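This report refers to the structure that appears directly beneath it.
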Amino acid sequence: MRIPKEGEFVSIQSYKHDGKLHRTWRDTMVLKTSEHSIIGVNDHTLVTESDGRRWVTREPAIVYFHKKYWFNIIAMIREKGVSYYCNLASPFLLDEEALKYIDYDLDIKVFPDGEKRLLDVDEYELHSKIMHYPQDIDFILKENVKILVDWINNGKGPFSDSYVDIWYNRYKQLSQK
């Protein structure tokens, strides 16, 4: 599998635990790849839902995926500041078709003022029963919520003050080429 280079585009595919396609993002520009992570940007990117509905992202967003952690992070760059949307999800894998992961319903939203909200707990409980999430996955996800909250509280990784500026500026440089 060839690793995408800086400035190239990849598709992102989100699945549910039962293997059904959940959502796709058509063109995400790759900003950085490393052994364990991929950083990209969506800017007016076409998104297709599993029911066929389509929409376009409204603002630039820096996306962060990791091969070790059970979450991915979207930093949405808005006029009132950066909002973060964090999906509890399997580590990503990359093949010829797309960057892929399993979405496990739970999300943490971080507002520009630092307020944090755990979202979709009811959806997680329901899907956990319907799709029979194994106990080990439930444990891993709950542990990764703790890791994610620690990152948020301590400004680690995508939550550091300079992260969004660095990667948004890199995106602007690459888009001008």
Side-chain angles (χ1 to χ4, degrees), residues 4 6 8-16 21-34 36-50 53-94 98-121 123-124 141 144-172 174-175:
E6 176 184 77
E8 292 182 348
F9 291 86
V10 296
S11 290
I12 297 172
Q13 296 176 350
S14 163
Y15 291 84
K16 287 298 184 181
L21 186 62
H22 173 55
R23 185 175 289 135
T24 61
W25 291 260
R26 194 174 73 192
D27 294 312
T28 298
M29 182 191 282
V30 174
L31 299 176
K32 180 176 191 255
T33 57
S34 70
H36 296 292
S37 65
I38 289 184
I39 298 170
V41 66
N42 287 323
D43 190 1
H44 296 85
T45 300
L46 177 65
V47 180
T48 305
E49 302 289 342
S50 59
R53 283 181 302 125
R54 297 153 73 105
W55 53 279
V56 174
T57 59
R58 289 194 311 263
E59 67 269 316
I62 309 297
V63 295
Y64 173 87
F65 295 92
H66 204 281
K67 286 187 176 175
K68 176 182 170 194
Y69 297 109
W70 284 67
F71 52 78
N72 55 64
I73 301 165
I74 303 156
M76 297 167 289
I77 303 164
R78 297 182 167 152
E79 282 181 26
K80 294 180 179 171
V82 177
S83 291
Y84 292 90
Y85 202 87
C86 312
N87 296 297
L88 274 292
S90 68
F92 80 92
L93 67 83
L94 191 62
L99 181 152
K100 300 176 179 180
Y101 66 91
I102 298 169
D103 181 297
Y104 280 103
D105 318 307
L106 289 173
D107 303 301
I108 296 177
K109 182 155 186 191
V110 184
F111 295 86
D113 66 1
E115 178 194 345
K116 295 181 285 299
R117 279 194 206 146
L118 182 63
L119 306 174
D120 302 329
V121 174
E123 185 182 348
Y124 176 79
L141 293 169
N144 275 264
V145 167
K146 293 176 194 170
I147 294 167
L148 195 48
V149 169
D150 178 66
W151 282 27
I152 295 164
N153 291 341
N154 292 295
K156 290 184 183 172
F159 304 101
S160 72
D161 292 336
S162 60
Y163 174 89
V164 170
D165 290 338
I166 288 168
W167 294 113
Y168 188 54
N169 287 330
R170 186 64 190 132
Y171 163 62
K172 289 190 285 191
L174 290 167
S175 320

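What you see is a predicted model, and the numbers here were worked out from it, not measured in a lab. What's counted below: heavy atoms across the whole structure, side chains too, no hydrogens, waters or symmetry copies.
- In this structure, the side chains of Val47 and Arg54 stay at 4.5 Å or more apart for every pair of heavy atoms.
- The two atoms that bring Val30 and Leu174 nearest to each other are O-CD1, 4.3 Å, heavy atoms only.
- Taken to the nearest 0.5 Å, the NZ atom of Lys16 stands 10.5 Å off from the CD1 atom of Ile102.
- Using a 4.5 Å heavy-atom threshold, the side chains of Asp105 and Asp103 count as touching.
- Nearest heavy atom pair, residue Ser14 against residue Trp25, reads CB-CZ3, 3.9 Å.
- Looking at heavy atoms from C-beta onward, Val41 lies out of side-chain contact with Ser175 at the 4.5 angstrom threshold.
- Checked against side-chain contact (heavy atoms from CB on, under 4.5 Å), Ser11 has the following partners two or more places apart in sequence or in another chain: Ala98.
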Go through the steps to decide whether Tyr15 and His22 satisfy the test side-chain contact (heavy atoms from CB on, under 4.5 Å), and finish with yes or no.
CA-CA 5 Å; Tyr15 291 84; His22 173 55; 5.6 Å; no
Verdict with supporting geometry, Asn153 and Lys116, side-chain contact (heavy atoms from CB on, under 4.5 Å):
CA-CA 10 Å; Asn153 291 341; Lys116 295 181 285 299; 2.9 Å; yes
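- For Cys86 against Leu148, the heavy-atom pair with the smallest separation is CB-CD2, 3.5 Å.
- Of the possible donor and acceptor atoms, none in the side chain of Asp150 sits under 3.5 Å from a partner among the backbone N and O of Lys146.
- Residues Thr45 and Asp27 have side chains that never bring a donor and an acceptor to within less than 3.5 angstrom of each other.
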Just list the side-chain donor-acceptor pairs under 3.5 Å for residues 59-77, sequence neighbours left out, or say none.
residue : atom : partner : partner atom : Å
Glu59   : OE1  : Arg78   : NE           : 3.1
His66   : ND1  : Lys68   : N            : 2.8
Asn72   : OD1  : Asn87   : ND2          : 2.8

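- Here Gln13 contributes atom CD and Thr48 contributes atom OG1; the two are 10.5 Å apart, rounded to the nearest 0.5 Å.
- Considering every non-hydrogen atom in both Phe92 and Tyr101, the closest pair reads CA-CB, 4.3 Å.
- Here Thr57 contributes atom OG1 and Asn42 contributes atom CG; the two are 5.5 Å apart, rounded to the nearest 0.5 Å.
- Side chains of Glu6 and Arg170 form a contact here, defined as non-hydrogen atoms less than 4.5 Å apart.
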Asn144 vs Leu141, test: side-chain contact (heavy atoms from CB on, under 4.5 Å). Steps then yes/no.
CA-CA 5 Å; Asn144 275 264; Leu141 293 169; 5.7 Å; no
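- For Arg117, the salt bridge (Lys or Arg N to Asp or Glu O under 4.0 Å) partners are Glu115, not counting sequence neighbours.
- With values rounded to the nearest 0.5 angstrom, Thr28 atom OG1 is found 10.5 Å from Asp43 atom CG.
- Within 6.0 Å of atom CG in Asn154, more than 12 heavy atoms from other residues, nucleotides or ligands are found, so the atom counts as buried in its surroundings.
- Annotation for Arg23: atom CZ counts as buried by contact number, over 12 foreign heavy atoms lying within 6.0 Å.
- The side-chain heavy atoms of Leu106 and Leu119, taken from C-beta on, include no pair separated by under 4.5 Å.
- Here the closest non-hydrogen pair linking Ser83 and Pro112 is OG-CD, 3.4 Å.
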What do the steps show when you test Arg26 against Phe9 for side-chain contact (heavy atoms from CB on, under 4.5 Å), and what is the final call?
CA-CA 9 Å; Arg26 194 174 73 192; Phe9 291 86; over 6 Å; no
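- Two residues are said to be in side-chain contact when any heavy atoms from C-beta on lie closer than 4.5 Å; Met29 and Leu31 meet this criterion.
- In this structure a side-chain-to-backbone donor-acceptor pair under 3.5 Å is present from Tyr84 to Pro158.
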